[in-house]
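Let me begin by presenting the structure, written as structure tokens, before commenting on it.
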Amino acid sequence: PRPILLTRHGESIDNVRGRTGGDSVISESGKIYAKKLANFVEKRLKNEKAASIWTSTLQRTILTAGSIVGFPKVQWRALDEINSGVCDGMTYEEIKKIMPEEFESRRKDKLRYRYPRGESYLDVIQRLEPVIIELERQRAPVVVIAHQAVLRALYAYFADRPLKEIPQIEMPLHTIIEIQMGVSGVQEKRYKLMD
Ligand code: F6P
């Protein structure tokens with residue numbers, strides 16, 4: 001069995017401000033997580049010569065991977081966060097105030113709701129297909145550093161969770177979810193590296 005490690009990027013400036021999307025850098029606390037993650041990964045995958053680190057193309061994941069040394073890094077556009085279209089950069093409160101109908105439609109059906117000029121969870125699930133195929137093909141461990149919506153979808157695939165639950169899955173910051181795929185099914189461990 002070989003592990004797949006899933007984690008969100010370290011806390012970003014937009015996380016602190018409560019803003020969706022964007023391409024902000026990581027906060028001081030996010031930088032501390034990046035160091036702790038590097039430590040964890042370097043120990044956990046010490047003898048795993050063929051392991052690799054996958055990020056999205058957004059700064060916050062690339063910076064979070066920045067402290068990890070000794071493993072090749074791959075950037076995937078398919079791992080970028082859900083595109084919130086016209087709502088990109090807004091807080092949920094602003095969306096509710098400025099576009100109440102959009103806010104309400106998303107609340108009613110978060111899985112299918114597509115942001116104007118953006119994506120739905122179903123869109124994200126679909127674009128993750130090549131990533132999943134490649135993850136299944138890999139024989140070596142992979143560390144995936146990505147984003148809340150994207151990781152909900154990836155996690156649901158490996159943990160065999162129903163489609164309708166995906167937008168609600170808890171995906172906290174500064175926590176590693178380790179998935180082991182063995183003959184007897186899938187095992188999961190969580191490591192909360194910071195509060
Ligand atoms: O808040 C962080 C974030 O990654 C946003 O960039 C993104 O829009 C959001 O989470 C996705 O989560 P939800 O689908 O719950 O809005």
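In listed order, ligands and their atoms are each counted from 1. Starting from 1, each residue takes its place in the sequence as its number. Hydrogens, waters and symmetry mates play no part in the numbers below; they use all other heavy atoms, side chains included.
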Does a side-chain N-to-carboxylate-O contact under 4.0 Å join E94 and K97?
no
Can you find a pair of side-chain heavy atoms, one from Y92 and one from R107, that are under 4.5 Å apart?
no
So which protein residues pack against ligand 1 under 4.0 Å, heavy atoms counted?
R8, N15, T20, G21, E81, I82, Y92, R106, K110, Y121, Q148, R152
SB check R137 E134 (cutoff 4.0 Å)
yes
Residue pair R127 / E119, side-chain heavy-atom distance below 4.5 Å
yes
Listing, residues 158-176 side-chain donor-acceptor contacts under 3.5 Å, not counting sequence neighbours, or none:
{"from": "R161", "atom 1": "NE", "to": "E165", "atom 2": "OE1", "distance (Å)": "3.0"}
{"from": "R161", "atom 1": "NH2", "to": "E165", "atom 2": "OE1", "distance (Å)": "3.4"}
{"from": "H174", "atom 1": "NE2", "to": "E11", "atom 2": "N", "distance (Å)": "2.9"}
{"from": "T175", "atom 1": "OG1", "to": "L173", "atom 2": "O", "distance (Å)": "3.0"}

Note: L128 and A153 closest approach over all heavy atoms is CD1-CB, 3.6 Å
